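Step one of this worksheet: look at the structure below.
These numbers were taken from a predicted model, which means no experiment stands behind them. Chain A is the first sequence line, chain B the second, and so forth, proteins listed ahead of strands; every chain is numbered from 1.
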Number of protein chains: 2
Amino acid sequence: MTSPVRLLLADDEHLIRGALAALLGLEDDLVVVAEAASGPEALAMAQAHHPDVAVLDLQMPGADGVKVATSLRAELPSCRVLIVTGHGRPGHLKRALAAGVRGFVPKTVSAQRLAEIIRTVHAGNRYIDPELAADAISAGDSPLTAREAEVLELAADGAPVAEIAERAALSPGTVRNYLSSAVTKLGAENRHTAVRLARERGWV
Amino acid sequence: MTSPVRLLLADDEHLIRGALAALLGLEDDLVVVAEAASGPEALAMAQAHHPDVAVLDLQMPGADGVKVATSLRAELPSCRVLIVTGHGRPGHLKRALAAGVRGFVPKTVSAQRLAEIIRTVHAGNRYIDPELAADAISAGDSPLTAREAEVLELAADGAPVAEIAERAALSPGTVRNYLSSAVTKLGAENRHTAVRLARERGWV
DNA sequence: CGCTCGCCATGACAAATGTCAGAGCGTGCC
DNA sequence: GGCACGCTCTGACATTTGTCATGGCGAGCG
């Protein structure tokens, strides 16, 4: 038998992470060598233990799964990344693939299935959940330019234009223009519904 | 030895539910007799299997954990309810306690700890996560009147005043007054940050 | 080189929003 | 009965947004 697949598990919910570690550890050919509860911690653990596959939660404090994947790609190219997510937004999948992620699955899969997918990814193949893939394709590409997305992001927590302008180092008028065009492109009624729409599609 | 504690597990994320079932099943004195992936399903399963303790996720499709707990209280009074949640808002805890829930813990606890808490709850005691309890106490009661909360709720998805007024059967001016007073009470800068704050505290 | 496109800005106008004062009505409490 | 409080409304005002026209600048492309 070949040596077992070395895993890094990162999820801020101890309950899930622990349970997953126990379940995956039951498989003969898998071994959990490190666990992390945040993005930065996951990075540090990866450096220290050089896992074969990193199983990352999409939403974690510090840095989300995609950001961690990007850093990992640079610092530890031999490590395959598998993203696990609760509610999968189409855009996240795209960003994840762009970051070199090899697998993307929702938390609705069974542990048995996850183990199989880990093996698939470790073998050098990709695995994308079919339903999430379909969503991503039907959602299409983001029509927003980089700046529009950035400004929309800053508008997300209800900040007034003046504050957004300051934080983006832009003139207030420019901010309103970007906001306006983003709202038009998204077919929204105002900036706030635009933010919601963009979030739903994973474009921010 | 006494007979084992019969558990119902409800969580829409199969990965977590399955892993949890496996881990808790390892304990000698606990046995998982039913699993559910949604609120209604949890209710049906409880009716069918009469568990001693129901471990419910707070956020589930169909009906959330608190709603299920309320129904369970009426239909199966002997069943203790333990709520498990990802991100605990203070207001949720209050609603949960009002619904007769016996335990409330974040998903950051370990499975080992969860098993202990299940035993505590089954013994007839309560267990509330200390940190969540502290948050709930410091957050205090909602300063919003019923109407203010209702209007704020309707404003949540970025609808303009005219639409809120129509949906609440109020005059636009009244809606703006309620919104204004809610914003003042919450110390927010505008309606949208007010919505966010109210959500964080669990007041809407 | 001319064209398009994204980026950044200004100014002006209309519409929506936030704020304030005031006023009537009903309910509950002392 | 008097008082407080929540609910509802109106009108007026300042501020904030949303929209549009217009301009300059630089990068990429045929």
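One interatomic measurement links the two molecules: CD of Glu189(A) to C1' of dT17(D), which rounds to 14 Å at whole-angstrom precision. The nearest whole Å value for the distance from the CG atom in Leu154(B) to the P atom in dT17(C) is 14 Å. Taking atom NE2 on His192(B) and atom C1' on dG18(D), their separation rounds to 13 Å, with Å as the unit. Note: CZ (Arg191(B)) to C1' (dT15(D)) measures 14 Å, nearest angstrom. Glu166(B) has its CD atom 14 Å from the P atom of dA16(C), to the nearest Å.
Remark: the backbone N or O of Gly158(A) is paired with a side-chain donor or acceptor of Asn190(B) at under 3.5 angstrom. Checking side-chain atoms of Ser180(B) against main-chain N and O of Arg176(B) turns up no donor-acceptor pair under 3.5 Å. Looking only at distances, a side-chain donor or acceptor of Arg6(A) sits under 3.5 Å from a matching main-chain atom of His49(A). For Arg17(B) (side chain) and Asp11(B) (main-chain N/O), a donor-acceptor pair under 3.5 Å exists by modelled atom type. In this structure a side-chain-to-backbone donor-acceptor pair under 3.5 Å is present from Glu41(A) to Ala37(A). When atom types are taken as modelled, the side chain of Asp129(A) and the backbone of Leu132(A) share a donor-acceptor pair closer than 3.5 angstrom.
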Write down the protein N/O and nucleotide N/O pairs, taken from nucleotides 20-26 of chain D, whose separation is under 3.5 Å; answer none if there are no such pairs.
from: dC20(D); atom 1: N4; to: Asn177(A); atom 2: OD1; distance (Å): 2.9

Enumerate all atom pairs, one protein N or O and one N or O from nucleotides 4-7 of chain D, separated by less than 3.5 Å.
from: dC7(D); atom 1: OP2; to: Thr145(B); atom 2: OG1; distance (Å): 2.7

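Sequence order on DNA chain D of the closest nucleotides to Asn190(B) and Val175(B) puts Val175(B) first from the 5' end.
With sequence neighbours excluded, the residues forming a salt bridge (Lys or Arg N to Asp or Glu O under 4.0 Å) with Arg167(B) are Asp157(B), Glu163(B), listed by chain and number.
The neighbour count for Arg196(A) CZ, taken as heavy atoms of other residues, nucleotides or ligands under 6.0 Å away, is above 12.
OP1 or OP2 of dT19(C) has not a single side-chain nitrogen or oxygen of Arg176(B) nearer than 4.0 Å.
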